[in-house]
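Nothing fancy with the numbering, it's 1 onward along the sequence.
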Amino acid sequence: MSKKIKLVLPFVLMVVLAVSFLSARTMTDISTYGKLINYVGIVRGASQRVIKLETNDKPNDELIGYVSGILDELLTGEGKYGLKRTGYESFNKDLEMLDDQWGHMLEEIEAVREGGSKEPLLECSEDFFDLANETVFSIEEYSGERSYALSRRLIITAVFCLIACIAAVINYVKKYFDLNKKTEMLTEQAGRDPLTGALNLARFLKDGDDIILKNPGLKFAVLYIDFENFKYINDVFGYESGDLLLKKYTQLMQESMGEDELFGRNVADCFMALRRYEDKDELLARQMDIDNSFLEQEVLPDRHNVTVVCGFCCIEDVIEQLDVQGLINRANYAKKTVKNMPRKHYAFYDESIRDKMLSEIRISDRMASALANHEFLVYFQPKVSPADGSVQSAEALVRWRSTDGSFYMPGQFIPVFEKNHSIRILDQYVFEEVCRFLHDRLVKGLKVIPISVNVSKIRFYTPNFVEIYAEIKNKYGIPDNVIEIEFTETVACENQEYMMDIVNELHNNGFLCSLDDFGTGYSSLSMLKDMSIDVLKLDARFFKKSADIEKERIIVQGILQMIRKLEMRTVAEGIETEEQVEFLRSNGCDLIQGYYFYRPMPEDEFAFILDNSVLQNC
């Protein structure tokens, strides 16, 4: 038996090979028919394009030649497209008829070009299209018959096995090439930020250290750059606008890079650059030119005020031996000293900056524990009617008394919290403390007066901030028109349309609205007519001694008269002398806030004043 098996096995293998060969031949033919179907389809589509162009008086002889070439190769089997003439007679006859019809179309085209009617050409094209369809159906039918014959052959196990093996090999080969392609892509993208194409931090550090090491005789500086309040740009204008801003800036910076210079992105809107320089003034001017060019591109809608801030750390200004990461940290220190500062956006690192930043870091790190321990105290400064000296309302302010006994004024910690964006947390803390104070007095049936609470720019742009404040107000059962939300005029003027929406939403939730620091240089009188502000606070600088007191008084008188006609209440802040009080009283100012009447005071002292209606000069 074993000998017979050995004899049969070669025969079986031969049969399998023969069947495989026939199946392969059939598959090749089917592939050929598929190609023919495609090219007949091309002829059908291209012919209609020819007719469309001709009827629109846009002849295209190149396209006509293309169709004629395909038809000729379909008939002869010779040409550049690799088309073979089949032995299927029905299909060949259809091709000959199609070619004859194409000839008629060409004659009609010539007639149209000589000024003849286009109707015969259109009728001829319809006949050509129908005939082309029949030709396609003919070869498809024949191809289907051959496919059915092939399927019957494929029942042979050996053929299935062979196909399976081939499929497996093809699959593994494909995976191999796909893996190689992905590896090449990853290698290309390694060290690059996927959004902007700038170097990532790891690549920047490595390449930067190498460049500095190889060029000990050159002057290098590391720059740390970002945009003020970038998170709120994303919140207001959307992440697509924010991403576009980052890409545009990266493009400009990369175009400016010279030999042995680098540009990278750290996180979010934070960028780094390694620059060569000869003179610091030239280094600064070079960066300012790039930033000004960027700001002129109007990346954001409505020319929103985007500010680029940059810190420089020159190796020559650092005493210790530092790598690029250390230089980045110090450039970042320098940048933070000017972030959110008006008219100053660039700073060079020195040791005094380091000392200041370490102090700010200590304050920033203690904020969470200070909130948990209620170290932040709400102080109240009454607002007094100049007519009778009665306390009509008050402003809530914040102080910080740490557990170690240290007492911090707002100027020491507010700027730090604004820089790290935690000011919104403190804003909400003060707001809730005011609600608690009012709630306790309401429950006890004691007198309450309107209290104004400041809202920072960052809190203003926080999504759903009005909704959050309204929920807190309702939780404590605070009546409407008892809490007044104060915005600085800088915030109001920056995005007036958004500001008007916020004011309307606050009014709908029972809040009063006031505009603080009016007259600091950003005010827009047109804004006042469009915005339903309840209270306007005149900045203290209106009441400082000036070179021409008479002009100063004329301006204040005019503002008070205008605001009164707009049916807004006025508050003059920073009032310290009896002369100022008398002037404001005689000109109809509604309320006065300042040291002449009261300094900011702790909660218990303020409660005592409310309970006893006491007026004290301080």
Side-chain angles (χ1 to χ4, degrees), residues 376-386 389-400 408-411 413-414 417-418 423 426-439 441 447-457 459-460 469 472-473 478 481-492 503 506 510-520 533-543 563 568-576 580-581 584 589-610 614-618:
F376 293 100
L377 307 175
V378 176
Y379 273 47
F380 297 87
Q381 186 174 26
K383 301 174 187 177
V384 177
S385 168
S390 62
V391 176
Q392 298 290 318
S393 61
E395 179 179 4
L397 304 167
V398 64
R399 304 291 186 266
W400 183 1
Y408 298 99
M409 295 297 287
F413 60 88
I414 293 295
F417 296 157
E418 287 177 340
I423 188 65
L426 185 61
D427 282 348
Q428 187 169 323
Y429 171 88
V430 172
F431 175 77
E432 188 155 4
E433 285 294 292
V434 169
C435 289
R436 178 197 55 76
F437 171 76
L438 292 170
H439 172 78
R441 294 188 64 84
K447 177 184 177 181
V448 297
I449 58 176
I451 306 293
S452 61
V453 181
N454 290 286
V455 171
S456 65
K457 177 180 178 179
R459 167 54 71 181
F460 174 77
Y469 275 37
I472 296 172
K473 169 180 171 289
I478 309 302
N481 300 327
V482 172
I483 295 182
E484 179 183 307
I485 303 297
E486 282 194 15
F487 303 97
T488 64
E489 68 165 13
T490 306
V491 171
V503 168
L506 285 167
F511 292 99
L512 298 171
C513 297
S514 66
L515 186 62
D516 197 7
D517 297 336
F518 183 80
T520 57
I533 294 293
D534 302 293
V535 180
L536 191 71
K537 295 187 70 174
L538 299 180
D539 187 70
R541 278 178 280 186
F542 274 120
F543 310 105
I563 298 305
M568 298 180 190
R569 289 173 63 80
T570 52
V571 177
E573 55 184 347
I575 303 305
E576 299 179 356
Q580 291 172 333
V581 172
L584 291 167
C589 182
D590 296 301
L591 296 173
I592 291 176
Q593 180 181 351
Y595 286 2
Y596 179 80
F597 289 112
Y598 295 100
R599 293 175 180 271
M601 62 189 69
E603 180 181 307
D604 56 348
E605 293 183 23
F606 179 62
F608 179 80
I609 289 176
L610 291 183
V614 173
L615 177 63
Q616 298 176 348
N617 287 351
C618 299

Enquirer: Distance from L536 atom CG to S514 atom OG, nearest 0.5 Å?
Expert: 8.5 Å
Enquirer: Should F606 and I449 count as side-chain neighbours, where that means a heavy-atom distance under 4.5 Å?
Expert: yes
Enquirer: Are R441 and L610 close enough that some pair of their side-chain heavy atoms sits under 4.5 Å apart?
Expert: yes
Enquirer: Find the distance between CG (N454) and CG (L426) and round it off to the nearest 0.5 Å.
Expert: 10.5 Å
Enquirer: Measuring from atom CG of D427 to atom NZ of K457, what distance do you get when rounded to the nearest 0.5 angstrom?
Expert: 14.0 Å
Enquirer: Suppose we screen for ring pair (Phe, Tyr, Trp, His ring centres under 6.0 Å). Which residues come up paired with Y408, at least two apart in sequence or across chains?
Expert: W400
Enquirer: Between I483 and F431, is any pair of side-chain heavy atoms under 4.5 Å apart?
Expert: yes
Enquirer: Could you state the interatomic distance from CG (L506) to NZ (K473), rounded to the nearest 0.5 Å?
Expert: 10.5 Å
Enquirer: Within the structure provided, determine whether F487 and S456 are in side-chain contact (heavy-atom separation under 4.5 Å).
Expert: no
Enquirer: So which atom in F460 and which in V455 form the shortest heavy-atom distance, rounded to 0.1 Å?
Expert: N-CG1, 3.8 Å
Enquirer: Can you see which heavy atom on C589 is nearest to which on P386, and at what distance?
Expert: O-CG, 3.2 Å
Enquirer: Between CZ of R459 and CD of E418, what distance do you get to the nearest 0.5 Å?
Expert: 13.5 Å
Enquirer: Please report the shortest heavy-atom distance between V378 and A396, naming the atom on each side.
Expert: CG1-CB, 4.0 Å
Enquirer: With the side chain counted from C-beta on, respond yes when I575 and F597 share a heavy-atom pair under 4.5 Å apart, and no when they do not.
Expert: no
Enquirer: Hey, is K383 close enough to E484 for a salt bridge, meaning N to O under 4.0 Å?
Expert: yes
Enquirer: Using the side-chain hydrogen bond (donor to acceptor under 3.5 Å, both in side chains) criterion, which residues pair with E603? Sequence neighbours excluded.
Expert: R436
Enquirer: Rounded to the nearest 0.5 Å, how far apart are OH of Y379 and CE of M601?
Expert: 10.5 Å
Enquirer: For the pair Y429 (side chain) and F376 (backbone), establish whether a donor and an acceptor sit closer than 3.5 Å, ignoring hydrogens and angles.
Expert: yes
Enquirer: Minimum heavy-atom separation for P382 and V391, please, with both atom names.
Expert: CB-CG1, 3.7 Å
Enquirer: Kindly indicate whether the side chain of Q428, heavy atoms from C-beta on, has any atom under 4.5 Å from the side chain of I472.
Expert: yes
Enquirer: Does the D516 side chain pair with the main chain of E486, one donor and one acceptor, at a distance under 3.5 Å?
Expert: no
Enquirer: Do V398 and F413 have side chains that get closer than 4.5 Å, going by heavy atoms?
Expert: yes
Enquirer: Mind listing the closest non-hydrogen atom pair of I478 and H439 along with its distance?
Expert: CD1-N, 3.9 Å
Enquirer: Taking only residues two or more places apart in sequence or in another chain, which ones pass side chain to side chain contact (heavy atoms under 4.5 Å, CB included) with R569?
Expert: V535, D590, L591
Enquirer: Taking all heavy atoms of Y598 and all of Q381, pick out the closest pair and write down the distance.
Expert: O-NE2, 3.1 Å
